[in-house]
2 protein chains.
Amino acid sequence: MTTRWLTPKEQRAWRAYMAATHLLEDAIDRQLQQDAGMPHLYYGILANLSEAPERKLRMTDLAEKSKITRSRLTYAVTRLEKDGLIRREDCQWDKRSSFAILTDEGMAVLERTAPGHVETVRAAVFDHLSAEQVEQLEEISSVIARALEGDESTPRPTADELPWRRRSSPCSGS
Amino acid sequence: MTTRWLTPKEQRAWRAYMAATHLLEDAIDRQLQQDAGMPHLYYGILANLSEAPERKLRMTDLAEKSKITRSRLTYAVTRLEKDGLIRREDCQWDKRSSFAILTDEGMAVLERTAPGHVETVRAAVFDHLSAEQVEQLEEISSVIARALEGDESTPRPTADELPWRRRSSPCSGS
DNA sequence: TAGGTTTGTTTCAAACTTTAACCAAGCGTC
DNA sequence: GACGCTTGGTTAAAGTTTGAAACAAACCTA
């Protein structure tokens with residue numbers, strides 16, 4: 001089959017999208033590095049933990065929520081543990097598992113830095129979008145995410161990395 | 001001033017957007033690593049070169065086009081040079097400058113892998129969007145990019161890294 | 001319940017990014 | 001024409017990410 005190249009319109013959209021995501025991620029990383037001493041990804045890990053019951057999640061679940069590989073998470077948690085923002089705890093029920101838990105200090109850092117982060121996102125994105133555009137952005141993003149999550153044609157690192165592999169943790173929750 | 005938190009709608013949009021960009025970048029990286037043996041960024045560097053007159057660009061200009069730091073580019077070009085896809089050449093007029101030039105082999109790699117790349121982008125994005133949504137995406141992305149490019153409140157690494165610092169190269173072109 | 005498989009996590013090496021110097025060449029000026 | 005500032009590019013060290021093992025616990029199943 002001959003290649004279905006992008007139309008000029010699609011190309012413009014694609015380039016604009018690439019530029020925007022690139023600049024945005026850079027800006028957020030800079031802001032968080034400055035104010036919280038960590039990159040966006042690490043901030044997201046803390047944020048994910050903060051929303052979990054007991055601020056506590058199995059490594060695998062946390063990796064899934066943060067949409068990163070487990071190995072990357074291991075490194076990140078090790079670092080954040082050194083900083084005192086997270087601590088680990090073994091799982092009683094499943095000896096293979098271990099929890100990552102947001103410490104009080106971690107929560108404090110999050111609370112202290114959240115306003116600045118939100119302000120950055122607002123200034124970069126939502127202050128410039130109409131209500132309709134916010135909805136459009138959600139719709140478009142959801143479609144793309146769904147397409148990628150449900151797609152197995154693109155080979156993933158390992159089978160258990162797949163986002164649609166929804167399993168409740170054997171020993172999560174209180 | 002009290003923090004202007006995100007509304008639920010904005011939050012949904014933000015999360016969807018983050019998930020989409022993350023999954024998308026991952027998928028593209030995997031596909032290109034598989035088929036072209038390099039990450040998206042490196043592919044982009046080659047692509048930028050391929051569009052330049054004589055497939056040739058000063059390092060600084062290439063960094064600017066690729067929206068990365070010069071140091072990052074130095075590393076990337078060194079790697080791509082090892083692979084034989086790029087070669088360097090000194091600038092006659094300005095002894096400080098050096099060019100990065102896409103070799104024939106580099107061009108061949110690009111031509112061989114472009115269809116697969118486009119197909120990935122299509123399958124992940126444009127196959128699922130209506131014509132209106134493509135326009136919306138471009139509009140939204142452009143707004144965000146413009147906001148970030150014109151914004152100096154977020155401190156950048158160094159002044160000469162700023163995207164709006166448009167200068168024509170002293171010795172570019174033929 | 002022994003054997004093989006799956007699951008949860010970590011480890012390791014190689015690749016990549018960042019940050020802060022560093023160096024040399026141009027530029028301005030006194 | 002020497003001083004200082006800017007520009008183009010690289011380097012070095014520390015930090016991060018990746019991808020492929022390695023490992024141990026849990027789960028089959030015959």
Side-chain angles (χ1 to χ4, degrees), chain A residues 22 25-26 29-30 32-34 37-42 45 57-64 66-83 88-100 155-162 165 167-172, chain B residues 22 25-26 29-30 32-34 37-45 57-64 66-83 88-100 155-162 165 167-172:
Chain A
H22 200 280
E25 197 47 27
D26 270 13
D29 264 338
R30 260 196 313 279
L32 281 176
Q33 192 67 55
Q34 176 90 56
M38 67 185 81
H40 191 194
L41 177 69
Y42 289 33
I45 291 172
L57 238 34
R58 283 194 323 153
M59 291 295 281
T60 293
D61 295 334
L62 182 52
E64 191 170 317
S66 308
K67 304 203 184 304
I68 60 177
T69 61
R70 290 176 313 231
S71 120
R72 193 176 177 182
L73 179 63
T74 294
Y75 180 90
V77 167
T78 305
R79 196 266 225 195
L80 291 169
E81 198 175 20
K82 257 181 211 126
D83 296 346
R88 288 180 215 249
E89 192 171 281
D90 288 340
C91 176
Q92 295 301 321
W93 303 270
D94 186 338
K95 295 282 186 58
R96 294 169 303 180
S97 301
S98 66
F99 287 111
R156 299 296 179 84
T158 61
D160 59 344
E161 217 86 51
L162 291 168
R165 196 190 62 96
R167 286 182 59 267
S168 61
S169 15
C171 52
S172 65
Chain B
H22 202 279
E25 196 48 27
D26 269 14
D29 264 338
R30 260 196 313 278
L32 282 176
Q33 192 68 56
Q34 176 91 58
M38 66 185 78
H40 191 193
L41 176 70
Y42 288 36
Y43 181 90
I45 291 171
L57 239 35
R58 285 193 323 151
M59 291 294 281
T60 294
D61 295 333
L62 183 52
E64 192 170 317
S66 308
K67 303 197 185 306
I68 59 177
T69 59
R70 300 200 297 309
S71 128
R72 195 176 177 182
L73 179 63
T74 294
Y75 181 90
V77 167
T78 304
R79 194 267 224 194
L80 292 169
E81 197 174 22
K82 261 183 207 122
D83 296 346
R88 289 180 214 248
E89 194 172 276
D90 288 341
C91 178
Q92 295 302 319
W93 302 270
D94 186 338
K95 294 282 185 58
R96 294 168 303 178
S97 303
S98 68
F99 288 110
R156 300 297 179 84
T158 61
D160 58 345
E161 218 87 49
L162 291 168
R165 196 189 62 96
R167 288 181 57 267
S168 60
S169 14
C171 54
S172 65

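Within every chain, numbering begins at 1; the chains are lettered A, B, ... in the order of the sequence lines, protein sequences first and strands thereafter.
When rounded to the nearest whole Å, the span between CG of L57(B) and C1' of dG8(D) equals 14 Å. In this structure, K95(B) places its NZ atom 19 Å from C1' of dT6(D), rounding to the nearest Å. In this structure, the CG atom of D94(B) is 20 Å from the P atom of dC23(C), given to the nearest Å. Across the protein-nucleic acid pair, R72(B) atom CZ and dA13(D) atom P stand 22 Å apart, rounded to whole Å. Between F99(B) atom CZ and dG8(D) atom P there is a gap of 12 Å when expressed in whole angstrom units. The CG-P distance, from L80(A) to dT16(D), rounds to 9 Å in whole Å. The nearest whole Å value for the distance from the NE2 atom in H40(B) to the P atom in dC16(C) is 15 Å. Atom CD1 of I45(B) and atom P of dC16(C) are 11 Å apart (whole Å).
Within the 4.0 angstrom heavy-atom criterion, only backbone atoms of the sugar-phosphate kind lie near L41(A); the bases stay farther away.
Side-chain atoms of M38(A) and I45(A), non-hydrogen and from C-beta on, never get closer than 4.5 Å to each other. Put simply, the side chain of E25(A) reaches to within 4.5 Å of the side chain of H40(A), judged on heavy atoms. In this structure the side chain of R88(B) reaches within 4.5 angstrom of the side chain of E81(B), judged on heavy atoms.
Summary of the strand contacts: D26(A) and M59(A) both lie near DNA chain C, and taking for each the nucleotide with the nearest heavy atom, the more 5' one is attributed to M59(A). When each of S98(A) and Q33(A) is assigned the nucleotide of DNA chain C with its nearest heavy atom, S98(A) is the one assigned upstream, toward the 5' end.
To the nearest 0.5 angstrom, K67(B) atom NZ is 10.5 Å from D26(A) atom CG. Note that the CG atom of D61(B) and the OG atom of S66(B) stand 10.5 Å from one another [nearest 0.5 Å].
Within 3.5 Å, no donor on the side chain of R96(A) pairs with an acceptor on the base of dT9(C), nor the reverse. One N or O donor and one acceptor, one from the side chain of S71(A) and one from the base of dG19(D), sit under 3.5 Å apart.
Note on R58(A): a side-chain N or O is less than 4.0 Å away from OP1 or OP2 of dG8(C). Side-chain N/O atoms of R88(A) include one lying less than 4.0 angstrom from OP1 or OP2 on dT10(C). For dC16(C), one of the phosphate oxygens OP1 or OP2 lies less than 4.0 angstrom from a side-chain nitrogen or oxygen of R79(B). Applying the 4.0 Å criterion to OP1 and OP2 of dG19(D), one finds that R70(A) has every side-chain N and O outside that range. For dG9(D), the OP1/OP2 oxygens have a side-chain nitrogen or oxygen of T60(B) closer than 4.0 Å.
Out of dT9(C), dG9(D), dA25(C), the shortest distance to the side chain of S97(A) is found at dT9(C). Nearest to the side-chain atoms of Y75(A) among the listed nucleotides dG9(D), dT10(C), dT16(D) stands dT16(D). Taking only side-chain atoms of Y42(A), from C-beta outward, the nucleotide of dT17(D), dC16(C), dT11(D) with the closest atom is dT17(D).
Qualifying side chain to side chain donor-acceptor pair (under 3.5 Å) partners for Q33(A), counting only residues two or more places apart in sequence or in other chains: none.
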